[in-house]
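Okay, so here's the structure we're looking at.
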2 protein chains.
Amino acid sequence: MARSDGKEIKATRTSFAVLEAVAELDGAGISELARHLDRSKGGIYKHVHTLADLGYLVERDGAYRLSLGLWSLGATVPKRAVPDRVESIVDNLAASVGHVATLVLYESGRTIATYIRRPTSTASQPFREGESLPLHATASGKAVLAFLPDEERNAVFEGELDTYTDATLTDPETVKSTLETIRQQRLARDDGEYRTDIECLAAPILDDSGYPRGAVGVSRSREESGDDELDTDASLLVSASKSIENALTE
Amino acid sequence: MARSDGKEIKATRTSFAVLEAVAELDGAGISELARHLDRSKGGIYKHVHTLADLGYLVERDGAYRLSLGLWSLGATVPKRAVPDRVESIVDNLAASVGHVATLVLYESGRTIATYIRRPTSTASQPFREGESLPLHATASGKAVLAFLPDEERNAVFEGELDTYTDATLTDPETVKSTLETIRQQRLARDDGEYRTDIECLAAPILDDSGYPRGAVGVSRSREESGDDELDTDASLLVSASKSIENALTE
DNA sequence: AAATATCGTTCGCTCTGTGTGAACAGATGT
DNA sequence: ACATCTGTTCACACAGAGCGAACGATATTT
């Protein structure tokens with residue numbers, strides 16, 4: 001099925017398709033999974049059973065869910081990707097601007113919110129840690145997009161651009177037209193394009209060769225915003241992004 | 001190889017063995033993995049390639065590491081397992097006792113540190129979120145162990161009990177002898193048995209049927225400790241564990 | 001109550017694709 | 001220059017992944 005290079009393990013693809021489906025459906029039974037993946041019930045049964053036996057799926061009330069063990073397997077990754085000194089920079093940024101600060105990392109075609117700092121413990125979060133974010137509909141995503149090599153950037157525009165809110169830009173040309181400005185200013189903006197009423201500013205984090213490793217962003221709800229602060233926030237953001245660049249390249 | 005029930009996907013077992021080995025070795029190449037898992041290089045090559053193509057392994061400087069994508073896949077799990085109201089209870093506990101408070105959950109034979117709260121942002125952590133902890137060498141682990149059904153508890157003692165510090169109890173009978181007291185007091189203690197110079201107290205979290213879902217714990221370095229606080233901490237801990245029990249059973 | 005639908009589980013069967021071991025070129029170190 | 005790593009590719013053989021049908025057990029419907 002699909003294209004088989006002969007140097008691929010198809011069963012592994014199937015098992016991860018199961019895990020991804022369980023995540024997407026937020027818990028599911030055998031039949032539901034088989035239907036969703038368009039596979040035989042018997043076959044999916046074996047995968048689910050194996051994954052459960054390995055401790056990566058747990059059954060409760062007849063539905064299988066992702067286990068804490070799966071999370072635990074990957075839990076060291078963000079700690080290693082974001083050293084303490086980088087966390088501190090984000091912490092300080094959140095404190096200075098008084099809004100939520102987020103560190104987003106780019107990896108194989110997507111950005112992932114890796115570290116989030118709220119200025120107070122009561123502040124609400126725009127997204128969860130570990131959440132995968134669209135490149136075209138967030139400030140951080142666009143900051144990364146603007147600095148990607150042509151080939152990699154174009155790959156993003158080949159698929160459909162998902163809609164998240166009324167303000168989401170779904171036309172490739174519209175998005176592309178904003179990228180030149182972002183490159184010049186090292187600053188991207190998002191006005192409720194991913195979550196309604198949440199405004200973001202973000203600056204890219206580039207490595208030595210100019211390749212975008214991610215972005216730092218500041219988010220606030222529209223009500224909180226005074227346009228007067230905007231310039232201050234922007235300059236704090238850009239300097240934070242440069243500090244992170246230095247911290248990451250040692 | 002191994003025992004095959006016929007209703008198991010062996011390729012999936014192999015792929016996860018690869019992921020676990022990568023985690024354990026903290027980055028590895030094909031040959032090293034093949035050697036470590038005692039498998040053919042050609043076969044491991046296919047698994048690694050598939051996992052990398054799926055975006056769950058990333059290559060850097062010739063070594064494969066777990067990706068942010070793998071973490072992202074499981075990142076929703078702890079949020080779902082620990083509702084906000086439970087987080088608050090742990091937050092308050094940390095604030096009242098002035099030490100690090102930890103929520104540990106039990107799942108398929110192991111405990112996992114799911115939520116950690118430091119009283120101040122400078123306090124050092126005894127372990128990382130997502131870390132899998134031994135049942136016999138931590139206060140939280142012993143709190144769980146004491147309330148496990150006989151069969152499940154005995155399974156723990158069948159394997160070797162790993163040593164972590166000079167103080168780790170590795171004799172099954174010694175550990176077992178402490179469990180009765182823990183059951184009576186609803187309180188377990190660990191004195192540098194997992195990390196040197198770190199002292200912990202923990203109370204179990206039980207569901208309606210008395211089955212241990214996890215434990216709450218308080219950790220402090222030995223220097224910080226005054227024995228006078230101990231009784232106060234213990235009672236705060238026990239009442240926190242009861243609040244969490246209520247919060248989890250709705 | 002009877003009938004229907006849907007669940008998880010099991011069983012053969014067929015052919016695919018997993019796993020092995022050997023051979024390859026390219027680095028790296030001696 | 002040699003020896004020893006590495007990742008990659010190949011052909012082969014047997015295991016086992018995936019399918020579809022049938023099972024009893026629960027729910028849901030009539």
Side-chain angles (χ1 to χ4, degrees), chain A residues 1-67 70 107-108, chain B residues 1-67 70 107-108:
Chain A
M1 41 202 61
R3 83 203 67 174
S4 87
D5 299 66
K7 57 174 185 174
E8 295 260 338
I9 308 289
K10 297 195 179 167
T12 296
R13 297 201 109 88
T14 310
S15 270
F16 273 97
V18 168
L19 291 174
E20 288 163 11
V22 168
E24 187 189 331
L25 300 169
D26 191 35
I30 308 273
S31 300
E32 191 179 358
L33 287 169
R35 232 180 292 120
H36 189 259
L37 298 170
D38 199 33
R39 299 293 255 279
S40 74
K41 248 197 318 182
I44 295 302
Y45 174 79
K46 290 195 221 173
H47 279 272
V48 169
H49 232 70
T50 308
L51 290 167
D53 188 64
L54 284 168
Y56 294 115
L57 283 180
V58 288
E59 186 262 329
R60 202 172 135 186
D61 308 326
Y64 289 90
R65 295 172 197 279
L66 301 185
S67 74
L70 182 67
E107 181 193 87
S108 32
Chain B
M1 45 202 61
R3 81 204 66 173
S4 87
D5 299 64
K7 59 173 183 175
E8 295 262 336
I9 309 288
K10 296 200 179 165
T12 295
R13 297 199 108 88
T14 310
S15 270
F16 273 97
V18 168
L19 290 174
E20 288 163 11
V22 168
E24 187 189 331
L25 300 170
D26 190 35
I30 308 274
S31 301
E32 192 179 357
L33 287 168
R35 232 179 294 121
H36 190 258
L37 298 169
D38 199 33
R39 299 293 256 278
S40 72
K41 248 196 324 182
I44 295 302
Y45 174 79
K46 290 195 220 174
H47 279 272
V48 168
H49 231 71
T50 307
L51 290 167
D53 189 64
L54 284 167
Y56 294 116
L57 283 181
V58 288
E59 187 262 330
R60 202 171 136 187
D61 307 327
Y64 289 90
R65 293 171 198 281
L66 302 185
S67 75
L70 181 66
E107 181 193 87
S108 34

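When reading the values below, keep in mind they use all heavy atoms of this one structure, side chains included, and skip hydrogens, waters and symmetry mates. Numbers restart at 1 for each chain; the letters A, B, ... are given by sequence-line order, proteins then strands. The structure presented is a predicted model; accordingly, all values stated were derived computationally and were not measured.
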Original post:
Taking the side chain of A:Y45 as its heavy atoms from C-beta onward, which of D:dG7, C:dT16, C:dG8 lies nearest to it?
Top reply: C:dG8
**OP:** May I ask you to decide if A:T12's main-chain N or O and B:S15's side chain share a donor-acceptor pair within less than 3.5 Å?
**Re:** no
Original post:
Taking CD1 from A:I9 and C1' from C:dT16, how many angstroms apart are they, rounded to a whole number?
Top reply: 12 Å
Original post:
Just to confirm, is there a sub-4.0 Å distance from OP1 or OP2 of D:dA17 to any side-chain nitrogen or oxygen of A:K46?
Top reply: no
Subject >> Short side-chain N/O contact to C:dT6 OP1/OP2 from A:S31, under 4.0 Å >> reply: no
**OP:** Could you tell me the separation between the CG atom of A:L37 and the CD atom of A:E20, rounded to the nearest 0.5 Å?
**Re:** 9.5 Å
**OP:** Check whether any side-chain nitrogen or oxygen of A:R35 sits under 4.0 Å from OP1 or OP2 of C:dC7, and answer yes or no.
**Re:** yes
**OP:** Give the rounded distance in Å between these two atoms: CZ of A:R13 and C1' of C:dG17.
**Re:** 14 Å
Original post:
5'-most contact on DNA chain C: A:A11 or A:H49, nearest heavy atom basis?
Top reply: A:H49
Subject >> Qualifying residue, where the test is side chain to side chain contact (heavy atoms under 4.5 Å, CB included) with A:S67 and the options are A:L54, A:V58, A:L57 >> reply: A:V58
**OP:** Taking only the side-chain nitrogens and oxygens of B:T14, find out if one of them lies under 4.0 Å from OP1 or OP2 of C:dG19.
**Re:** yes
**OP:** Would you please confirm or rule out a distance under 4.0 Å between OP1 or OP2 of D:dT9 and any side-chain N or O of A:K7?
**Re:** yes
**OP:** Answer yes or no: does a side-chain N or O of B:S40 lie under 4.0 Å from OP1 or OP2 of C:dG19?
**Re:** no
Original post:
Counting just side-chain N and O atoms, does B:H47 come under 4.0 Å of either OP1 or OP2 of C:dG19?
Top reply: yes
Subject >> Proximity to the side chain of B:K41 - top-ranked nucleotide from D:dA22, D:dT6, C:dG19 >> reply: D:dT6
**OP:** Look at the side chain of A:I30 and decide which nucleotide, out of D:dC19, C:dT18, C:dT9, has an atom nearest to it.
**Re:** C:dT9
